[in-house]
Amino acid sequence: MAEIGPLQTEATDAYAAAAAAQAAVTRIQPQDPAAWFRLAQFQTAASDTAGAIVSYGKFVELAPDDPLAGKVKDEIANLKKQVASGASG
């Protein structure tokens with residue numbers, strides 16, 4: 001059985017690569033709320049909490065009436081609590 005540590009590192013690295021690719025999409029389509037939402041999801045999975053807060057915020061800014069906006073605001077609050085407590089993701 002494989003060790004959990006290296007597998008977690010590989011997964012985090014894969015999510016970081018996905019976040020980098022998705023960031024390119026947000027540069028091409030900066031007014032696309034779905035692009036920002038996906039970026040935030042990848043950033044969260046890659047333990048980039050600060051980046052996810054910014055990206056989720058951009059989603060809410062672009063789509064304040066989206067059905068997910070309320071849940072995204074809750075997620076932003078949770079992520080900010082993690083940052084305040086020193087947790088990384």
Side-chain angles (χ1 to χ4, degrees):
M1 182 175 227
E3 293 178 355
I4 292 175
L7 289 178
Q8 181 61 42
T9 299
E10 288 178 25
T12 300
D13 291 348
Y15 284 121
Q22 188 63 34
V25 174
T26 63
R27 287 190 294 277
I28 295 166
Q29 300 175 319
Q31 298 303 311
D32 181 0
W36 289 99
F37 183 82
R38 285 188 296 273
L39 176 56
Q41 289 179 311
F42 290 136
Q43 289 168 320
T44 300
S47 298
D48 179 4
T49 305
I53 291 168
V54 171
S55 297
Y56 276 135
K58 188 68 174 177
F59 167 81
V60 172
E61 175 186 322
L62 292 171
D65 298 325
D66 188 282
L68 290 175
K71 290 183 180 181
V72 170
K73 288 177 186 177
D74 291 343
E75 180 64 10
I76 292 168
N78 289 333
L79 292 171
K80 286 182 177 181
K81 285 180 190 173
Q82 287 180 14
V83 170
S85 71
S88 64

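Computed from heavy atoms alone, side chains included, the values below leave out hydrogens, waters and symmetry copies. Every value quoted in this text rests on a predicted model; they were computed, and no experiment measured them.
Leu62 and Tyr56 end up in the same hydrophobic cluster when Ile, Leu, Val, Met, Phe, Trp and Tyr side chains are linked at under 4.5 Å. Following chains of ILVMFWY side-chain contacts shorter than 4.5 Å, one cannot reach Val54 starting from Val60, and the two form parts of different hydrophobic clusters.
Taking NZ from Lys71 and CG from Asp66, the interatomic distance works out to 11.0 Å, rounded to the nearest 0.5 Å. Taking CD from Glu75 and CZ from Phe59, the interatomic distance works out to 12.5 Å, rounded to the nearest 0.5 Å. The OH atom of Tyr15 sits 14.5 Å away from the CG atom of Asp48 when rounded to the nearest 0.5 Å. Between atom OG1 of residue Thr49 and atom CG of residue Asn78 there is a gap of 11.5 Å, rounded to the nearest 0.5 Å. One distance of note links CG of Asp32 with CZ of Phe37; it measures 12.0 Å at 0.5 Å rounding.
When every heavy atom of Leu79 is checked against every heavy atom of Ala52, the shortest pair comes out as CD1-CB, 3.9 Å. Across all non-hydrogen atoms, the minimal contact from Ala63 to Pro33 is CB-CB, 3.8 Å.
In this structure a side-chain-to-backbone donor-acceptor pair under 3.5 Å is present from Gln22 to Ala35. Formation of a donor-acceptor pair under 3.5 Å by the Trp36 side chain with backbone atoms of Gln31 is not found in this model.
When each of Thr26, Leu39, Thr44, Ile76 is paired with Ser55, the side chain to side chain contact (heavy atoms under 4.5 Å, CB included) condition holds for Leu39 and for no other.
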